[in-house]
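A short worksheet on the structure shown next.
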Amino acid sequence: MSILIDRNSKVLVQGITGRQGGFHARLMMEYGTNVVGGVTPGKGGEWFDGKPVFDTMRAAVKTKYADVSLVTVPARFAADAIMEAADAGIKLVICLTEHIPVADMMRVLAFCRQRGTRLIGPNCPGVMTPGEAKVGIIPAMVALPGDVGVVSKSGTLTYEVGFAMKNRGIGNSTIVGIGGDPVIGTTFVDILEMFENDPDTKKVALLGEIGGSAEIAAADYIKTSMTKPVAAFIAGRSAPPGKRMGHAGAIVDGGEGSADEKIQALEAAGARVAANPEEIPDLLS
Amino acid sequence: MSILIDRNSKVLVQGITGRQGGFHARLMMEYGTNVVGGVTPGKGGEWFDGKPVFDTMRAAVKTKYADVSLVTVPARFAADAIMEAADAGIKLVICLTEHIPVADMMRVLAFCRQRGTRLIGPNCPGVMTPGEAKVGIIPAMVALPGDVGVVSKSGTLTYEVGFAMKNRGIGNSTIVGIGGDPVIGTTFVDILEMFENDPDTKKVALLGEIGGSAEIAAADYIKTSMTKPVAAFIAGRSAPPGKRMGHAGAIVDGGEGSADEKIQALEAAGARVAANPEEIPDLLS
Amino acid sequence: MKLHEYQSKALFQEYGIPIPQGRVAETSREAGAIAAELGGTVVVKAQVHVGGRGKAGGVKVARDAAAAERHAQAILGMNIKGLTVEKVLIDEAADIQQEIYLAITNDRSAGQPLLMTSMQGGMDIEELNRTRPDAIIREHIDPILGLQPYQMTYIASAMRLPRAHWRSFLKILSGLYACYNKSDAELAEINPLVITGAGALLAVDGKVIIDDNALYRQPALTAQRDSSDEPESERLAREAGITYIKLEGQIGCMVNGAGLAMTTMDMTKLYGEAHGIGPANFLDIGGGATPEQVATALSIILSDANVKAVLFNIFGGITRCDEVARGILTAYNAVQPEVPMVIRLQGTNAAEGKKIISEAQLPHLISAETLTEAAQRAVAAVQESA
Amino acid sequence: MKLHEYQSKALFQEYGIPIPQGRVAETSREAGAIAAELGGTVVVKAQVHVGGRGKAGGVKVARDAAAAERHAQAILGMNIKGLTVEKVLIDEAADIQQEIYLAITNDRSAGQPLLMTSMQGGMDIEELNRTRPDAIIREHIDPILGLQPYQMTYIASAMRLPRAHWRSFLKILSGLYACYNKSDAELAEINPLVITGAGALLAVDGKVIIDDNALYRQPALTAQRDSSDEPESERLAREAGITYIKLEGQIGCMVNGAGLAMTTMDMTKLYGEAHGIGPANFLDIGGGATPEQVATALSIILSDANVKAVLFNIFGGITRCDEVARGILTAYNAVQPEVPMVIRLQGTNAAEGKKIISEAQLPHLISAETLTEAAQRAVAAVQESA
């Protein structure tokens, strides 16, 4: 078992005929993900590696039943693509696209809530259930099947930690990149709750960073509601305040959102916080 | 028993310090309605006939628990007033105001659906449960307590029919004016369903008119789902097509919405349709 | 409020929708000059607020300016379904390869805007709905969110519009929605939207109806009102805040409330139809009518020479019957009607009202207790006058 | 992108928000002329993208033009928290009776715009939140529906604004929301919004931050960018599509991915802090960096004279390590660095990448297997260079 996706998930790729979308769709299929088709407006009727391409999500969902959609379209079109997926009845949308304006995301999020659609991301590496399926860009080589759930705001840092675990023979139930943008569809708390309820997840690694208060909310949840052990790392202890560290959300503002504050909250909640992400496997043993 | 309102309903009047709002608030209180206060922005802290006036619905609901709101403000402010009531947690809003633009009503209706608020009207005479409470402008003298439910698009036509019943000793469980605008919060079908489920309603009178297809939907509902007898009258047999007969919704357009079409559908559904509204009491005996 | 074709198309153009070159003319000479200026073949089109003008001869193609002037002369002043043509639109003729139907309207049942489109344009939507309902693509629009890009793609794809036209069509969809939305339109219709031989899209005919209740916030559109085809009596009533619609019968009706006004008309027809008698008008004097408004309403009713009797049906709710009775007396004295007037007062203060009427002892006044009785007496009064 | 005070207030004015008369000056003479033109008492205010300018002496009241010129001379060129003042705003002084705080910002947790206001204006929101949290009225705004009139009434009522000011305040609320919304702002703040002795409302100070990701659709705002206080190296990086932030340490970092870049910085600090060694910069070369971008990034890192070692940390996912290795060689040949470079390649095609690097046998190249090892070696290299 796992959370969010598994070998039975039926996936549509929005933007499948694009360079990024096509590249990752192929890697996902190689990994074993059940990609049932793709959507590119104006290219309906074409084929992509044996999978049908549709003009619209509505047509795609009508023809090929699907659970999950992966949004890989450019930032100007991404908000519309997410809403299209939600409107077509998709209940899990994973959006890789970065640089989507926050105003668009707030509207999209309200829309997704109305439709009962869960959004992961944007600006995230996606979700992988090792040995079963991956939806997004997490490289196959960074993880083994196992019982540690991973939830992270960052892409390559997740690979780093997954890889460190793999080198120690530790595998993962599901790896979820929630993204580093200020407004995201799914938070640490949402995913921690899923891991807490997932019988195949025994322990959890949480990778946070400066900016916002999502890690503080996670600490509250860990303190009040989690029985499974949590190891954590917070990136950005050396980041100066008032500067945006690459991720649109990674900024310490008015003294809020610092790494130290988050580390303290997580430690007070009983999580074990690593000073070096390569120590996470030790904290999980 | 009854539907929508009874002697226990706690009512706020939006626009209570206005000429119309104040006049009807007094008549409602005289009738026995539990008016707990009113709202007029900028007049919070004043009193109206011993009832507190608030600046906002939020403040009013926080101070005085209320179930029902009556909107009596002018058309330019009515859409906002309905949304304010819904946002403040009121689950039944009755709007008397006429001449609200349809575009505003469509937005308001979508908002009310999101909030789980039922809207009656706009441009309606309101609701009366004879002997218990009235919220709106239906005159006390037109009805007795009894077991006939009345639902109507029109104001004075409703009084006419109520009065004809009263003169024959027939009383009403609840009288509901749903309004004659093209887009309204509550339809014939909604109210028929409530009457069907109300143990104190034994029979139903439906007063429709030309325009739209709400009476056709009502006929479908009567045919498929109603066990209680329905007597009906449809106004506008003599109205020419393409002309708006006073009510914004009362127009036969492109051959659709004619009185004859509606009468046929109701008769086919088993309702007894009067050619003269003063015959309704006969059809109910 | 209905806009004329030329007004609708000018509005479309403001929202980036391409329309043919053209201008409106009120004289045939002007029409000829416009045709000369446009050059080539033009279409001369009657501007009246009524459908079916083509069949009535109100639309003609002209190969040159002289022909345009000739056609304009024939069309201007023409009577189409009771309306006189006062303006013609001279448009360059489009090279039509394909006609598309496209409209956004208020869907009453859903409480949402509804976009309808079809590759089978040219015929009206009712006819299309009857003959090719499957050829109509229908898409509801969230009234808060508005028309979204993904919906536009869906529409273009579902209607099987050739891909080459998607980009232009999507711009037109988005323009038409903005036009509908920002203008408080009840209907914004392009029919036909034409694909020309050169592959361009062009709104060749258009129809916009503005929500009367929203005119207060649409000053630019309100200023375009053309009352020339509105009967004088209806215009006077509108300006006095009374809803009045002239009909063909003999019984003038004055009623409070729209539903009851329609019902009162229906009753005069119910009891009069066998004798060729029916309602002369719809008139709703509303809730708080003043004696002055009652007098104005009565003058308007009596300005119709067909009227042989007047029926007052007042069910007092908020309206008090004694006040209405006083209004009737004021109106009576001001207007001095010579036809019989049946007066039925019921509801709040009905007894006082009836007393006021009966004590005035005016000629031609007939009182009635019920609506049925009132309608029957009005029919009888018309019969007696014959 | 931050707007200066004078730019923010000009934007407010476009949305109907009243602001003091005033203009910006780049020389003291110009400042004096503006003050003379305005007449009366003025305020001379440093325009820098940093808080606390008042305490730093960057805001001065002047009773006449001569004083304004004097103050402008003192303020222009002043260094405030590392930034040089290049412009001053000369505003007429307001007659302040009451200061209000008013702002709309993105609430990350709620995923909704949040309006905050308080009758305790003048101090910043963090201070207000610490000292008088109960005095702040907070109202979320539905991102699809926008700020509704009833919410504005609620805000005015809840903050206990005297009724006399409601009408002006509601206009300002609605203007500020439109400004925030139409400008894709992350923050639109008026602080203080002043009630003057004459009872008028006036936005005396303002701050607007635009969402960088939305600049593509905000050309008018983008054109207002003032890069004068942006370090040359950051500007070059921005123009090359690389995120670079200069810091104070000695280890230049080049990493793929923002989270890993921060982490790499953290590791240099973790192992270097005891020796006074830390990161010289944040740099994310992104996913698909070309050899040219790697070269540009390396030049930018090395343009910082503090840099004593460079640490490459690449975790190949989509990025292939062999390609990065080739990029590093290209960059190396182009830039000819003289400081040691620690290279850690991991992930996709890591073996090939390492082979390419080792076969090149370039001087100053140190390889590492893990992030820990890489950070430790970079720290050691800096220590050796000292």
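A salt bridge (charged side-chain N to carboxylate O under 4.0 Å, His left out) check over residues 88-102 of chain B, counting only residues at least two apart or in different chains, returns nothing.
When heavy atoms are compared at a cutoff of 4.5 Å, B/F54 does not approach chain D at all. Neither the backbone nor the side chain of B/M57 comes within contact range of chain D; no heavy atom of the residue lies under 4.5 Å from a heavy atom of that chain.
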Tell me which donor-acceptor pairs, judged by distance alone and kept under 3.5 Å, run between chain B and chain D, one pair per line.
from  : atom 1 : to     : atom 2 : distance (Å)
B/G42 : O      : D/R163 : NE     : 3.2
B/G42 : O      : D/R163 : NH1    : 3.2
B/G44 : O      : D/R163 : NH2    : 3.1
B/D55 : OD1    : D/R163 : NH2    : 3.2
B/D55 : OD2    : D/S157 : OG     : 3.0
B/D55 : OD2    : D/R163 : NH2    : 3.0
B/R58 : NH1    : D/E139 : OE1    : 2.8
B/R58 : NH2    : D/E139 : OE1    : 3.4
B/R58 : NH2    : D/E139 : OE2    : 2.5
B/D80 : OD1    : D/Y150 : N      : 3.0
B/D80 : OD2    : D/Y150 : N      : 3.0
B/D87 : OD2    : D/Y150 : OH     : 3.3

